[in-house]
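Here is the structure we will look at, set down as structure tokens.
Letters go in sequence order (proteins before strands), and every chain restarts at 1.
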Amino acid sequence: MTTRIGRDELARRIAADIPDGSYVNLGIGAPTLVAEYLPADQEIILHTENGLLGMGPAPAAGSVDPDLINAGKQAVTALPGAAYFHHADSFAMMRGGHLDVCVLGAFQVSETGDLANWSTGAPGAIPAVGGAMDLAIGAKAVYVMTDLLTKEGTSKLVTACDYPLTGVRCVSRVYTDHAVFDITDDGFAVRETFGDTTVDELERLTGLHLVDATREG
Amino acid sequence: MTTRIGRDELARRIAADIPDGSYVNLGIGAPTLVAEYLPADQEIILHTENGLLGMGPAPAAGSVDPDLINAGKQAVTALPGAAYFHHADSFAMMRGGHLDVCVLGAFQVSETGDLANWSTGAPGAIPAVGGAMDLAIGAKAVYVMTDLLTKEGTSKLVTACDYPLTGVRCVSRVYTDHAVFDITDDGFAVRETFGDTTVDELERLTGLHLVDATREG
Amino acid sequence: MIDKTVATVADAVAGIPDGATVMIGGFGRAGQPVELIDALIAGGAGDLTIVSNNAGNGDTGLAALLAARRVRRIICSFPRQHDSWVFDGLYRAGEIELELVPQGNLAERIRAAGAGIGAFFSPTGVGTELAAGKEERVIEGRRYVLEYPIRADVALVSALRADRWGNLVYRETARNFGPVMASAATTTIVQVDEVVPLGALDPETVVTPGLYVDRVVAVGSRPWLDGGEFVGGVDVEGRPLETPEAAR
Amino acid sequence: MIDKTVATVADAVAGIPDGATVMIGGFGRAGQPVELIDALIAGGAGDLTIVSNNAGNGDTGLAALLAARRVRRIICSFPRQHDSWVFDGLYRAGEIELELVPQGNLAERIRAAGAGIGAFFSPTGVGTELAAGKEERVIEGRRYVLEYPIRADVALVSALRADRWGNLVYRETARNFGPVMASAATTTIVQVDEVVPLGALDPETVVTPGLYVDRVVAVGSRPWLDGGEFVGGVDVEGRPLETPEAAR
């Protein structure tokens with residue numbers, strides 16, 4: 001199988017679904033890419049859980065400020081209109097459901113919307129959860145950005161997660177390199193396919209029964 | 001019976017017990033008087049639960065600021081070193097035990113330290129509690145400032161409160177016009193008497209068994 | 001582009017339906033969003049549940065809303081004041097319901113709603129009639145009662161300044177309930193003395209970040225301020241002092 | 001007269017005993033009170049329980065404390081980082097205990113300790129192994145787990161400026177855990193770049209009121225600041241950029 005769309009294209013695809021004026025948290029790793037594709041003529045306000053709303057892009061070299069970082073501990077900037085706050089206030093903001101969208105990576109997503117993205121559960125691995133569990137339950141819409149298949153070719157969309165859970169029934173939608181899936185009461189619904197991917201092929205790749213919602217909306 | 005010391009003298013007596021550097025909340029009414037007797041050469045920081053630490057005295061006429069009031073909704077000032085905060089932060093400060101002393105009025109105090117000061121429980125009365133219950137449990141030391149007797153001559157120090165409670169086992173010490181009482185495991189202990197008041201006389205006035213601790217410390 | 005400012009107080013309160021739960025900021029008169037309350041009265045919504053620390057002062061603001069018989073129920077800590085005659089009359093006549101909440105529990109329950117806390121154990125009120133019927137638990141030797149969040153359909157808040165993203169700064173003790181109420185309502189409506197350009201508020205000093213705010217309306221300076229600077233000349237209720245001339 | 005300032009970092013950390021629970025502010029390196037940690041190492045206290053978001057970066061600060069074998073147990077949300085080799089080695093060798101807490105629960109549990117909350121129901125972590133064994137409850141149809149306060153004997157916090165009453169302002173995202181940790185410890189010890197005169201901090205902008213602070217020590221500007229003004233010239237870890245000359 002070839003990957004249908006690249007990571008940047010996927011980031012652009014996700015960015016296109018985020019309405020103007022949204023408050024958004026982009027998880028560490030690939031989701032951070034989404035920021036680069038937010039339309040310049042819109043105001044989408046980025047939250048970083050370490051205490052900043054109105055996060056801007058990385059600073060120029062020489063202007064890196066170690067006091068101004070994102071959740072991935074990378075140097076960032078603050079836009080006009082930004083606000084700083086402490087960690088309890090920042091997570092209250094998430095836990096209270098005030099963010100519109102959160103984009104997260106995943107090891108697995110179940111057809112009921114369970115997310116596993118913090119631990120492989122491998123023996124000897126050093127566990128680290130950070131804000132993952134708070135992010136998973138803390139936005140009105142939780143989008144997952146991931147490859148459909150692992151490097152070994154197994155589906156990351158599953159009936160039930162094998163990996164340790166990050167959150168239960170928390171994912172709204174999964175953006176993969178092959179297709180976009182909504183979590184529905186009937187399980188995964190294919191909302192959009194990329195390239196010449198078909199729902200049949202997705203069923204074969206995932207081994208799941210999928211609802212075909214590509215003609216809707 | 002004559003009242004042994006006046007309200008101002010009592011306020012002065014309480015002020016003398018508050019150590020330099022203390023964080024103090026003075027309840028609405030008579031306890032507010034204590035502020036006038038805090039030594040000028042000390043820094044005792046006053047908290048008002050509507051969001052200010054470092055409260056200063058009333059402003060001059062013409063300089064009254066309706067945005068700067070105390071819990072009794074009287075105009076006050078803010079000293080250099082003051083800080084404003086919102087109501088949840090302000091009550092967190094109290095509930096978390098960060099104030100050293102709180103001085104409150106009382107209808108009744110029981111020998112186990114229960115306080116009744118917010119409601120007479122009279123039928124038809126309009127109830128209003130404000131911050132009374134938070135104050136009662138929210139300081140390291142809760143001092144009560146009150147007349148020993150009601151206008152009808154009955155003792156405000158009681159075995160158990162008849163009036164609706166403000167807080168349970170919360171009072172540390174009671175300053176009255178006749179004497180100062182500590183709440184101990186053995187009930188009220190007379191720590192200090194004013195004028196020629198004797199412990200025997202206090203027992204007669206209150207109808208309580210009192211520990212004589214006037215020779216201690 | 002985000003622009004939460006609206007032109008008039010009527011626009012600001014548009015759409016508040018009968019039966020809504022409305023939080024109203026302020027501690028007494030300090031920080032009470034009087035212009036928004038007047039607009040709410042003019043807008044006609046009734047059968048309201050109000051969440052506010054007090055139950056109105058004098059005949060203006062929240063007291064006027066009560067006098068207009070728009071309030072079915074009020075959740076507050078301190079209704080009875082020297083100038084709460086409107087509430088007092090309605091309460092004695094049995095024409096308004098009251099839920100009395102200790103002030104710190106009121107603030108924390110509102111915060112809990114905004115912060116996604118399902119419930120919390122508070123030491124305040126334990127053993128009193130205001131905790132009657134509430135779940136109690138001893139934790140590390142101390143008694144607590146379980147308190148639940150208070151949320152609202154609408155919050156009406158008064159702040160000093162806002163930008164078009166809805167970032168807010170307050171003034172002195174007028175801050176009081178504004179920040180927690182802004183976080184606990186589906187729609188947060190804010191009156192400010194002044195709307196300033198985006199970037200004019202120092203991000204270190206923003207008290208309520210804009211994500212909590214839905215609508216902002218500028219209503220002009222309080223009578224004791226001029227361009228945000230204190231000029232005085234009023235009593236604690238904000239009324240102009242009588243000048244020697246006027247007093248004659 | 002209140003003067004919480006002390007002359008040296010050694011004075012600031014004096015008296016921290018073996019076995020103490022110590023909160024250490026910072027998110028990664030931002031806001032990490034490195035000078036206080038160095039003083040804690042020099043002071044010799046061991047068998048410590050540390051509460052901090054991370055478990056040290058590189059070989060300095062908290063990582064150095066761990067490397068000096070002073071820490072028995074750490075409560076944190078994100079120990080594993082690209083530069084957490086000191087922690088990683090100790091953990092793999094079974095020489096340090098770890099309690100892993102989701103970041104928001106960590107912050108809220110610390111706040112709860114400072115705010116006198118006995119426990120609270122959080123939706124974070126529900127149904128995961130980090131909630132295993134915790135009390136669960138459904139409230140209004142949503143699942144929550146009961147979380148308890150985390151308190152400490154000592155908090156070590158880094159802020160930008162303080163006055164002699166201990167009022168604090170922070171800088172940018174270095175604020176992070178400072179305010180909640182300051183509220184949750186018996187003794188709160190703060191390093192600041194600069195102590196300013198009483199009254200120099202605007203009371204509207206104080207983030208941590210002085211009542212939460214016990215000791216303040218001035219340690220001088222961060223390398224990327226000059227008198228509080230950002231001058232840059234460092235990488236994200238705060239190390240000076242190589243100049244063209246130096247790079248040659």
Query raised in the report: Hey, does A:Asp182 have a side-chain heavy atom less than 4.5 Å from the side chain of A:Phe188?
Result: no
Report summary line: Residue from A:Leu135, A:Val129, A:Val168 scoring the most non-hydrogen pairs under 4.5 Å with chain D is A:Val129
**Report entry** Portion of D:Val207 that has a non-hydrogen atom of chain A nearer than 4.5 angstrom
**Finding:** neither
Query - Contacts with chain D made by residues 7-17 of chain A (heavy-atom distance under 4.5 Å), listed by residue number - result: none
Query raised in the report: Does any N or O in the side chain of A:Ser155 come within less than 3.5 Å of the main-chain N or O of A:Val158, such that one atom is a donor and the other an acceptor?
Result: no
Kindly provide each donor-acceptor pair between chain A and chain D shorter than 3.5 Å, listing atom names and distance.
unit_1, atom_1, unit_2, atom_2, d
A:Gly62, O, D:Gly233, N, 3.1
A:Asp65, OD1, D:Arg171, NH1, 3.0
A:Asp65, OD2, D:Arg171, NH1, 3.1
A:Asp65, OD2, D:Arg171, NH2, 2.7
A:Asp67, O, D:Thr173, N, 2.9
A:Asp67, O, D:Thr173, OG1, 2.6
A:Asp67, O, D:Ala174, N, 3.4
A:Asp67, OD2, D:Arg171, NH1, 2.7
A:Asp67, OD2, D:Trp224, NE1, 3.0
A:Ile69, N, D:Thr173, OG1, 3.1
A:Lys73, NZ, D:Gln81, OE1, 3.2
A:His87, N, D:Asn176, O, 2.9
A:His87, NE2, D:Gln103, OE1, 2.6
A:Arg95, NH2, D:Gly104, O, 3.3
A:Ile126, O, D:Arg80, NH1, 2.7
A:Val129, N, D:Ser77, O, 2.9
A:Gly130, N, D:Ser77, O, 2.8
A:Gly130, O, D:Gln103, N, 2.8
A:Asp134, OD1, D:Gly104, N, 3.3
A:Asp134, OD1, D:Thr124, OG1, 3.2
A:Asp134, OD2, D:Gln103, N, 3.4
A:Asp134, OD2, D:Gly104, N, 3.0
A:Ile137, O, D:Arg142, NH2, 3.3

Query raised in the report: So which part of D:Val180 gets closer than 4.5 Å to some heavy atom of chain A, the side chain, the backbone, both or neither?
Result: side chain
Report summary line: Within residues 31-44 of chain A, contacts to chain D at heavy-atom distances under 4.5 Å involve none
Query raised in the report: What do the steps show when you test D:Leu225 against D:Phe230 for side-chain contact (heavy atoms from CB on, under 4.5 Å), and what is the final call?
Result: CA-CA 5 Å; D:Leu225 300 179; D:Phe230 177 68; 4.3 Å; yes
Report task. Under 4.5 Å heavy-atom distance to chain A, tell me which part of D:Leu98 shows up: side chain, backbone, both or neither. Result -> side chain
Query raised in the report: What is the distance from atom CG of A:Leu115 to atom CG of A:Leu104, rounded to the nearest 0.5 Å?
Result: 6.5 Å
Report task. Could you list the residues that satisfy side-chain hydrogen bond (donor to acceptor under 3.5 Å, both in side chains) with A:Thr154, not counting sequence neighbours? Result -> A:Thr150
Query raised in the report: Top residue by heavy-atom pair count (under 4.5 Å) with chain D, among A:Leu52, A:Ile69, A:Val76?
Result: A:Ile69
Query raised in the report: By a 4.5 Å heavy-atom criterion (distance strictly below it), what part of D:Phe27 contacts chain A: side chain, backbone, both, or neither?
Result: both
Requested in this report: Report the distance from atom CG of A:Leu149 to atom OG1 of A:Thr206, rounding to the nearest 0.5 Å.
Outcome: 9.0 Å
Report summary line: Output for pair (A:Ile45 CD1, A:Tyr23 OH), nearest 0.5 Å, gives 4.0 Å
Query raised in the report: With side chains defined as the heavy atoms from C-beta onward, is the minimum distance between A:Leu202 and A:Phe181 less than 4.5 Å?
Result: yes
Query raised in the report: Is any side-chain heavy atom of A:Met93 less than 4.5 Å from a side-chain heavy atom of A:Phe85?
Result: yes
